[in-house]
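What follows is one structure encoded as structure tokens, with my remarks underneath.
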Amino acid sequence: MAAGTRCCAAAWLCLCLLGLPHGASALGLGAAAAPRLRSRGAAGPRDGMNVLLIVVDDLRPVLGCYGDKLVKSPNIDQLASQSIVFSNAFAQQAVCAPSRVSFLTGRRPDTTRLYDFYSYWRVHAGNYSTMPQYFKENGYVTLSVGKVFHPGVSSNYSDDYPYSWSIPPFHPSTEKYENEKTCRGKDGKLYANLVCPVDVSEMPSGTLPDIQSTEEAIRLLDVMKTNKQKFFLAVGYHKPHIPLRYPQEFLKLYPLENITLAPDPWVPEKLPSVAYNPWTDIRQRDDVKALNVSFPYGPLPNDFQRQIRQSYYAAVSYLDMQVGLLLNALDDLGLSNSTVVVFTADHGWSLGEHGEWAKYSNFDVATRVPLIFYVPGMTTSSVSQGERVFPYLDPFSHTLGLVPRGRSEKVVELVSLFATLAELAGLQVPPVCPETSFHVALCTEGTSIVWYFNTSKEKDGCDDTYRCLDEEPVAFSQYPRPADAPQWNSDKPKLKDIRIMGYSMRTIGYRYTLWVQFNPNNFSANFEDVHAGELYMVETDPNQDYNIYNNTSHGVFFKKILGFLKH
């Protein structure tokens, strides 16, 4: 039965007004799961802002607005030109499910107890409220398109519906082909490759998942506008997550002769073996398998390294096109003056730095993410009705970079997104979690960073509601390992196999990491059993190549990281 014909019963009225995501079944909802949508006259945040949250998979800040001279990202740069851009934003764990559950609940991985993909926090740790759930409970229609929560066990096979979302989340129908043999080789045969430029017309259904997600997000924006509904719309884009599958025409933007290797494509001499990720997932791809690269350190041939980097950049420009079309729709619908836009990623991705490919580490290339906030009337002057803020820019013809409206160098964390968005929308900011919060449904372990939006205060300490004046902002990340040396499950160990946890503390001046004994049975870390350590001074070693842990007194760092973890 078509979505438009499901309006015969009054119980489904709200769903009909919204329009179900393609392929969703009203019969599968059940009365208890039916969305409680605010009627137009009901009490609620009528004067508050809508929220558009754009989450990108595996995107490091290779964007023009972050100073990258090679990558063409005119639409994201245009967003930045009306926004506050955070230069030093970090994820709490550089892998999809733990990172997303962390920032969507406002809790750190040690509280969600999710370090892999195989548990649902509401059952496994605590029945924590999520950011979209909080907006939903405050009168917003909450909508999920694409990859927002990581699908599968970690979001209860439902993207945490109906807790977090007003209607069942939308997933592109072509998502199921992501890892299929759709990459045409030079011999004309199809392969499941890592590097995968494609003719979109030859793809299943003649499209790609991110194209479908953009179309559905624009459709939902139109419905929200028509029905005058206040919304929280989260749009999750897949690219540049592997496989690097994107429309082949984007290769034209990046001639291979312009592509360089990573500035440090070697495994650092003093890198502890426990810190290295052996990029096992890309080794499963047909084109990488054919190279017969030795485990665990490789390296990949230089020409193939350039191809990976070329395809990553091409995938970013393809993503930029999707973001541009989505933001252009805000203009078309007259929503640009009433919608907060946040652009970020779940974590970064190594492009050959330290001899690594993928995420799965505590280095900046894996944990650092873009973080951009557009807030009408705050980051830019109020928009007149009909005025265009985000006209679509063609990546093939727009090469001039646009600079951010404001930039903050403060170190911030994705776990602070929940509190920050609540404040920006005029909602009550959830309280800071107590030391032990497994029983507390609504609290956050991140704190609002709206204070940093006023970049003129950059040189002031920090406000008395955030961190004390004599303590600089810190970002904490962590990564689990099954053993001290790289092995087949080092990148993605299951909980039962975790024996070591790498806790990493990043300030504006340094990154300090301790690899300590970890007990997966009671989720406890033993800081008296340190397996390895890393210390990098960012000013003199921005790429984090020279570990000075063993020849530096680091008692003050140890005390600081321990003090944080105890609170």
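If you're wondering where the values come from, they're calculated on a predicted model, not measured in any experiment.
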cation_pi(Arg511, Phe90) dist<6.0 Å, angle<=45: yes

Backbone of Gly48 reached by a side-chain donor or acceptor of Lys230 within 3.5 Å: yes

Trp349 side chain near Ile242 side chain, heavy-atom distance below 4.5 Å: yes

Side-chain heavy-atom pair Gln92, Phe103 within 4.5 angstrom cut-off: no

Nearest-0.5 Å distance, CG of residue Leu424 to CE of residue Met49: 9.5 Å

Distance in Å, Phe343 CZ paired with Cys65 SG, rounded so as to fall on 0.5 Å steps: 7.5 Å

Leu327 side, atom CG; Leu52 side, atom CG - distance, nearest 0.5 Å: 6.5 Å

Pair Tyr276, Trp279: side-chain N/O donor-acceptor within cut-off below 3.5 Å: yes

Donor-acceptor side-chain pairing of Asp58 and His238 below 3.5 angstrom: no

Short side-chain donor-acceptor distance under 3.5 Å, Tyr161 and Ser155: no

Side-chain H-bond candidate by donor/acceptor type, Ser213 with Gln322, under 3.5 Å: no

Any side-chain heavy-atom pair of Cys96 and His347 under 4.5 Å: yes

Glu423 side chain to Ser448 side chain, donor-acceptor N/O pair below 3.5 angstrom: yes

Between Ser477 and Gln93: side-chain donor-acceptor atoms closer than 3.5 Å: no

Test item: side-chain donor near acceptor, Asp264 and Asn543, under 3.5 Å: no

Step-by-step salt bridge (Lys or Arg N to Asp or Glu O under 4.0 Å) determination, Arg506 to Glu413: CA-CA 10 Å; Arg506 175 68 153 84; Glu413 308 175 276; over 6 Å; no

Pair Tyr374 and Phe390, ring centroids less than 6.0 Å apart: yes

Expected output: side-chain Lys225 to main-chain Leu333 donor-acceptor under 3.5 Å: yes

Side-chain heavy-atom pair Tyr163, Thr130 within 4.5 angstrom cut-off: no

Salt bridge present between Glu249 and Lys252 (N-O < 4.0 angstrom): no

Side chain proximity check, Asp332 to Ile218, heavy atoms < 4.5 angstrom: no

Cationic tip of Lys72 above Tyr313 ring, under 6.0 Å, 45° of axis: no

Distance-only polar pair, side chains of Ser87 and Arg407, donor-acceptor under 3.5 Å: yes

Side-chain touch Phe363/Glu356, heavy atoms, less than 4.5 angstrom: yes

Heavy-atom side-chain contact between Gln133 and Trp165 under 4.5 Å: no

Exercise: do Arg388 and Asn328 side chains pair donor with acceptor under 3.5 Å: yes

Straight-line distance of Leu244 CG to Asn193 CG, nearest 0.5 Å: 10.5 Å

Worked check of salt bridge (Lys or Arg N to Asp or Glu O under 4.0 Å) between Asp210 and Lys239: CA-CA 7 Å; Asp210 284 345; Lys239 296 303 111 177; over 6 Å; no

Check: Asn179/Arg285 side-chain N/O donor and acceptor closer than 3.5 Å: yes

Donor + acceptor pair across side chains of Asp364, Gln544 (<3.5 Å): yes

Donor-acceptor contact present, side-chain Asp541 to main-chain Tyr536, <3.5 Å: no

Euclidean distance, Asp303 CG relative to Gln310 CD, rounded to 0.5 Å: 11.5 Å

Minimum side-chain heavy-atom gap Met203-Arg245 below 4.5 Å: yes

Aromatic ring proximity, centroids under 6.0 angstrom, Tyr318 and Tyr246: no

Interatomic spacing from CG in Leu220 to CD in Glu215 - rounded to 0.5 Å: 12.0 Å

Output field: ring centroids Phe418/Tyr134 closer than 6.0 Å: yes

Parallel, tilted or perpendicular: rings of Phe396 and Phe250 (30°, 60°): tilted

